[in-house]
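Residue numbers start at 1 and run along the sequence shown. Only a predicted model underlies this, so the values are computations on that prediction, with no experimental measurement involved.
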Amino acid sequence: MPDPQRLFSRFPGAFNRESAVENSVFNPDIINALTPSDCLSILTEDREWRFSSDDGGRRTSKKATTRSRKERRQMELGFIGLGQMGSRMAIRLLDAGYSLTVFDRDEAAMAKIVARGARRASSAAEVAAASETVLMSLPTPDVVRNVVFGPAGIADSNRTTKLVDLSTTGPRMATQIAAELDKAGRISLIDAPVSGGTNGAEKGTLAVMVSGEQNAVETLRPVLSVFGKVFVCGDKPGMGQTLKLANNIIAVAALAISSEAMAMGAKAGLDPQIMIDTIMASSGGNVALRDKFPKAVLTGTFDFGFATGLSYKDVRLCVDEAEGMGVPMVVGAAVRQLMAVTNATFGADSDFTSVARVVEGWAGTKIRSRKKGRSASPWECNPAAVACGR
């Protein structure tokens, strides 16, 4: 078990990541990513240690607040939607000591979480009946609305007081749901879409974009911190959704333009790995080239972990919302069109890195890693010098 005092003395100052180190296992990858300014939550066998800084992280704080596992178990949580993201977030809550009631239409997905200690429910209403706070991670706005207001929905509950939507639904839907819940006067909506992919959901390094009533947000901060870094971006539901859509269209635009640039280079005879090494050390570096291309495009596996249909939905939502506000999205519209082609060509269940496959088809080339020692073309590339040409 890590000694919090020794750990804190080893890493002075505060930390920029409200992540937990579960099951008393110290994760150096999290610590290595931390910088001064915020706080760190560490879980030991029976306590949660939350370290904070003084003077903006310039010196070591001796302050630490604790939350016992008993207190966490007494907080009845519900979780609806156990897909790629939801299942990983639910497991993190269980590992952190929270009591959890879950529901998903997929029995196999639910069985995996129940095997980890969750209670099984037969409907969203049953989850709400057992939980003061319900969290949702669902694929589309229509599904979210149906789970809240449809037959056997959350709104039927007399027990639930807080509803946390971790999905990407767009600000209009979040605002509508919040307004309808407010009329009934029982349930407050906390808008909390997340970003960081399945890897971030598993490791607890997601960005959680939260908006809602301040007291409710602060009450739930320890829960949301289990998922990663909490960013409070407003006091009204919908503001978190706007921020999430902005993030997503930037990410997909980077993937799209990187696909075109990489296809151009590959067809010219450049080694794609040399291109990535060079661009990442230059002004064109981006998260698509850092993460998505090495894992899913250069390998030809196209399995980064996010569905084309969901990505296309997010981009559509963003462009539609912007146009509704009178904000032109010329580049965004082009990205939406490219994702529409990808969705139609490879299907909604394909990986969103398949956008590179579309570009490859149009360009008549492949963006793939090359075997070590194999010449990319008559032009020699030296990765050590990151320079190309003779």
Distance-only donor-acceptor pairs under 3.5 Å for side chains of residues 246-253, two or more places apart:
from: Asn247; atom 1: ND2; to: Ser195; atom 2: OG; distance (Å): 3.1
from: Asn248; atom 1: ND2; to: Asp314; atom 2: OD2; distance (Å): 2.7

Legend entry - Val335 reachable from Leu243 in the ILVMFWY side-chain graph, under 4.5 Å edges: no
Legend entry - Residues Arg120 and Glu107 bridged, charged N to O under 4.0 Å: yes
Inset, instruction - Taking Gln241 for its side chain and Ser167 for its backbone only, find out whether a donor-acceptor pair lies under 3.5 Å. - result: yes
Legend entry - Check: Met280 and Arg290 side chains under 4.5 Å, non-hydrogen atoms: yes
Inset, instruction - Treating Ile, Leu, Val, Met, Phe, Trp and Tyr as nodes and any side-chain heavy-atom pair under 4.5 angstrom as an edge, say whether Leu100 and Leu224 lie in one connected cluster. - result: yes
Legend entry - Cluster check Val194, Met239: I/L/V/M/F/W/Y, side chain < 4.5 angstrom: no
Inset, instruction - For Val359 and Ala263, work out which heavy atoms get closest and say how close. - result: CG1-CB, 3.7 Å
Inset, instruction - Taking only Lys NZ, Arg NE, NH1 and NH2, and the carboxylate oxygens of Asp or Glu, determine whether Glu126 and Arg119 approach each other closer than 4.0 Å. - result: no
Inset, instruction - Test Ile276 against Leu298 for side chain to side chain contact (heavy atoms under 4.5 Å, CB included), laying out the working first. - result: CA-CA 10 Å; Ile276 290 176; Leu298 268 60; 3.8 Å; yes
Inset, instruction - Ignoring hydrogens and angles, tell me if any N or O in the side chain of Asp351 forms a donor-acceptor pair with the backbone of Ser354 under 3.5 Å. - result: no
Legend entry - Those residues that, when tested against Phe293, pass ring-ring contact (aromatic ring centres under 6.0 Å, His included) (two or more places apart): none
Legend entry - Spatial distance of atom CD (Glu202) from atom CG (Leu206) [nearest 0.5 Å]: 11.0 Å
Legend entry - Qualifying residues under ring-ring contact (aromatic ring centres under 6.0 Å, His included), relative to Phe306, sequence neighbours excluded: Phe352
Legend entry - Sub-4.5 Å side-chain heavy-atom contact between Met75 and Leu220: yes
Legend entry - Check: Lys292 side chain, Leu255 main-chain N or O, donor-acceptor pair, under 3.5 Å: no
Inset, instruction - Indicate whether any N or O donor in one side chain lies under 3.5 Å from an N or O acceptor in the other, for Arg172 and Gln176. - result: no
Inset, instruction - Could you tell me whether the side chain of Glu321 reaches within less than 4.5 Å of the side chain of Met329, counting heavy atoms only? - result: no
Legend entry - Gln337 atom CD, over 12 foreign heavy atoms within 6.0 Å: no
Legend entry - Met264 atom CE, neighbour heavy-atom count above 12 within 6.0 Å: no
Legend entry - Which atom of Met275 lies closest to which atom of Ala266, heavy atoms considered: SD-N, 4.1 Å
Inset, instruction - Examine distances only and state if a side-chain atom of Thr160 and a backbone atom of Ser131 form a donor-acceptor pair shorter than 3.5 Å. - result: yes
Inset, instruction - Just do the side chain to side chain contact (heavy atoms under 4.5 Å, CB included) check on Ile113 and Phe79 with the steps written out, would you? - result: CA-CA 10 Å; Ile113 309 304; Phe79 206 107; over 6 Å; no
Inset, instruction - Check whether any side-chain heavy atom of Phe302 lies under 4.5 Å from a side-chain heavy atom of Val297, and answer yes or no. - result: yes
Legend entry - Partners meeting side-chain contact (heavy atoms from CB on, under 4.5 Å) with Leu317 (sequence neighbours left out): Pro141, Leu245, Lys313
Inset, instruction - Would you tell me whether Thr308 and Asn343 have side-chain atoms, one donor and one acceptor, within less than 3.5 Å of each other? - result: no
Legend entry - N/O donor-acceptor pair under 3.5 Å between Lys295 side chain and Asp303 backbone: yes
Legend entry - Heavy-atom side-chain proximity of Trp362 to Val341 below 4.5 angstrom: yes
Taking distance alone, no hydrogens or angles, what donor-acceptor pairs closer than 3.5 Å link side-chain atoms of residues 142-154 to residues at least two apart or in another chain?
from: Arg145; atom 1: NH1; to: Glu180; atom 2: OE2; distance (Å): 3.0
from: Arg145; atom 1: NH2; to: Glu180; atom 2: OE1; distance (Å): 3.1
from: Arg145; atom 1: NH2; to: Glu180; atom 2: OE2; distance (Å): 2.7

Legend entry - Reported CD-to-OG1 distance for the pair Gln214 and Thr219, which is rounded to 0.5 angstrom: 10.0 Å
Legend entry - Closest contact, heavy atoms only, Val226 versus Arg92: O-NE, 2.7 Å
Legend entry - Verdict with supporting geometry, Glu76 and Arg159, side chain to side chain contact (heavy atoms under 4.5 Å, CB included): CA-CA 11 Å; Glu76 295 288 345; Arg159 182 172 184 188; 3.6 Å; yes
Inset, instruction - Could you pull out all residues at least two apart from Arg116 that satisfy side-chain contact (heavy atoms from CB on, under 4.5 Å)? - result: Ile91, Leu94, Asp95
Legend entry - Within 6.0 Å of CZ in Arg105, more than 12 heavy atoms from elsewhere: no
Legend entry - Side-chain donor or acceptor of Arg357 paired with backbone N/O of Thr353 under 3.5 Å: no
Legend entry - Heavy-atom pair of closest approach, residues Gly238 and Pro171: O-CB, 3.3 Å
Legend entry - Nearest atoms (heavy-atom pairs only) where Ala155 meets Leu181: CB-CD2, 4.5 Å
Inset, instruction - Taking all heavy atoms of Asp104 and all of Gly83, pick out the closest pair and write down the distance. - result: OD2-N, 4.1 Å
Inset, instruction - First locate atom CG of Leu77, then atom OG of Ser99, and finally report the distance between them rounded to the nearest 0.5 Å. - result: 7.5 Å
Legend entry - Interatomic distance, Thr198 atom OG1 to Met89 atom CE [nearest 0.5 angstrom]: 11.0 Å
Inset, instruction - Verify, without hydrogens or angle tests, whether Ser157 (side chain) and Ala125 (backbone) share a donor-acceptor contact under 3.5 angstrom. - result: no
Legend entry - OG1-NZ distance between Thr242 and Lys244, expressed to the nearest 0.5 angstrom: 12.5 Å
Inset, instruction - Identify whether Val208 and Phe231 are in the same connected component of the hydrophobic contact network (ILVMFWY, side-chain heavy atoms under 4.5 Å). - result: no
Legend entry - Check against side chain to side chain contact (heavy atoms under 4.5 Å, CB included), Arg336 and Asp320: CA-CA 10 Å; Arg336 177 177 60 181; Asp320 290 348; 3.2 Å; yes
Legend entry - Backbone N/O of Glu213 and side chain of Asn215: donor-acceptor pair under 3.5 Å: no
Legend entry - Leu138 side, atom CG; Leu82 side, atom CG - distance, nearest 0.5 Å: 9.5 Å
Legend entry - Hydrophobic cluster identity match, Phe227 and Met209, side-chain contacts under 4.5 Å: no
Legend entry - Flag side-chain contact, heavy atom, 4.5 Å: Lys366 against Pro272: no
